[in-house]
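One-based numbering, in listed order, for ligands and for the atoms of each. For the single chain, residues carry numbers from 1 onward in sequence order.
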Amino acid sequence: MNINIIKKKIYIKTWGCQMNDHDSSIIANILTKNNNYVITKIPEKSDILILNTCSIREKAQEKLFHQLGRWRKIKQKKSSVLIAVGGCVAAQEGKKIYKRAKFVDIIFGPQTLHKLPKLIQKSYKNKTLIIDIETQSLKKFNYSINTKINKKFTSFVTIIEGCNKYCSFCIVPYTRGAEVSRNQIDILSEIKQLAKIGVREIILLGQNVNAYCTDDIINKKKYRFSDLLYSISEIPKIDRIRYITSHPMEFSDDIIEAYRYIPQLTNFLHLPVQSGSNKILKLMKRGYSVEDYENIVYKLKSIRPTISISSDFIIGFPGETHHDFQQTLQLISKINFDTSYSFIYSKRPGTRASKLIDNTPIEEKKNRLFILQKKIAQQSFQWRRRMLGTTQSVLVEGYTKNNTQNLYGRTENNRIIFFKGNSELIGQFVSLKITDINYHTYLKGHIN
Ligand code: SAH
Ligand code: F3S
């Protein structure tokens, strides 16, 4: 007998970083795993609306209630629709969300998302607000592999959750809890499984991946981030290893040395410095000086002379003077940063920096951001220009949207290259000679 069960449809909206993107794919994995639910891309057609929020910058709460207002209209038309709010705003605000939006059914945190099937069931049954935002659980990672959802050849793998650093501007330690490292056996077995389904590139995820530390029980010593890198490098077929984000404070010599012995580590590193002024770094409580940062980069460049370094910058931190900003510009030239992310400082409630006097006018901050971004764009273009005529190893990701003749893939330094080739190359590494560049984005190449 063919029983046709209509599966409930789920719509997931994600804000924020790669951690959140990855969390959303875990949510999708958990809910579709036993064929109980299907994912829809149309919110109006869904039975359960899930919002995975981010609170790192700007009026996160306002943005949330704006979005919920739109979803309320969907619920008004179909009262059975469930609305679930997760992520960092949910962890931070908890029940306060419900107080302002009584139509919300479920509030869950970054570390309770694996409980969603139960929370949903409970909500259907009890018809009252269901809330679970506890931290310090790594159980969600038992659900992180999904061959249907993970791209076949590049995959995120979270190795550490939370953050203990308490940089004075940052909300993350309050929303994602303290650092908890995932067991290395679980991580390695997940990567081995990914390699079996064709994954060739691994992107290790964590707020501070280089704070990773567990126990090596057999050798009775600590098992650190560099140990994990060596173990991953022994897994056949994993030919590229990336990670985000690492912190300069714990970027120890053993990690730098790993660049000598592990060719799979990309010639590209995202190492956020935030500012080029020691005074500001101190106020930010970053735990390193500009000189410490330069030292790390020089040591790395002595092993990998062509490594490209990218960073995050915060502009207009309380107390940042014209001179401090000039020092940041000088550091950008000196390190010769590649593509970087930059943000105007955003006051986050409850953080230490929120108590500092901030008297730089917003127009001045915007002007500084403009100058900094222009400089980074110019440097980034120079990096691209230097690639012209070189041969690059590219992991082929697929066909471009509008053209089934053109394939595209990514270089080690994260540049997208278009080239002509056949479908057998998708998911493989190819050697491409770069033949063309433009100022803003693309590079073109041909098979060497
Ligand atoms: N763990 C990472 C950063 C996570 S947050 C690290 O140590 O670098 C990502 C980036 O957001 C940060 O690097 C910082 O540049 C930016 N950011 C965090 N809080 C911010 C705030 N209050 N205002 C502006 N930018 C912020
Ligand atoms: Fe935030 Fe600093 Fe941790 S930027 S995530 S508190 S390292």
Note the single closest protein heavy atom to atom 10 (C) of ligand 1, along with its residue, its atom name and the distance in Å.
-> Asp312 OD2, 3.4 Å

To the nearest 0.1 Å, how far is atom 7 (O) of ligand 1 from its closest protein heavy atom, and which atom is that?
-> Arg286 NH1, 3.4 Å

Pull out every atom of ligand 1 sitting under 4.0 Å from any heavy atom of Phe343, numbered as shown with elements.
-> 11 (O), 15 (O), 16 (C), 25 (N)

Thr245 N/O to ligand 1 N/O under 3.5 Å = no

What protein heavy atom is closest to atom 21 (C) of ligand 1, reported as residue, atom name and distance in Å?
-> Ser346 O, 3.6 Å

Does Gln274 reach ligand 1 with a nitrogen or oxygen that is under 3.5 Å from one of the ligand's nitrogen or oxygen atoms?
-> yes

For ligand 1, find out whether one of its N or O atoms is nearer than 3.5 Å to an N or O atom of Ser246.
-> no

Examine Tyr345 against ligand 1 and note whether any of their N/O atoms are separated by less than 3.5 Å.
-> no

among protein heavy atoms, the one nearest atom 16 (C) of ligand 1 is Arg57 NH1, 3.3 Å

Could you tell me if any non-hydrogen atom of Arg286 lies under 4.0 Å from any atom of ligand 2?
-> yes

For atom 20 (C) of ligand 1, grab the closest protein heavy atom and report residue, atom and distance to one decimal in Å.
-> Phe169 CD1, 3.7 Å

What are the atoms of ligand 1, with element, lying closer than 4.0 Å to any heavy atom of Ile344?
-> 24 (C)

Arg415 side chain vs Met387 backbone, donor-acceptor pair below 3.5 Å | no

Any atoms of ligand 1 less than 4.0 Å from a non-hydrogen atom of His247? List them with their elements.
-> 7 (O)

among protein heavy atoms, the one nearest atom 4 (C) of ligand 1 is Gln207 OE1, 3.5 Å

Specify the protein heavy atom at minimum distance from atom 5 (S) of ligand 1: its residue, its atom name, and the distance to 0.1 Å.
-> Ile56 CD1, 3.5 Å

Got the closest protein heavy atom to atom 8 (O) of ligand 1, with its distance?
-> Pro272 CG, 3.2 Å

Around atom 1 (Fe) of ligand 2, list the protein N/O/S atoms within a radius below 2.8 Å, excluding water molecules.
-> Cys170 SG

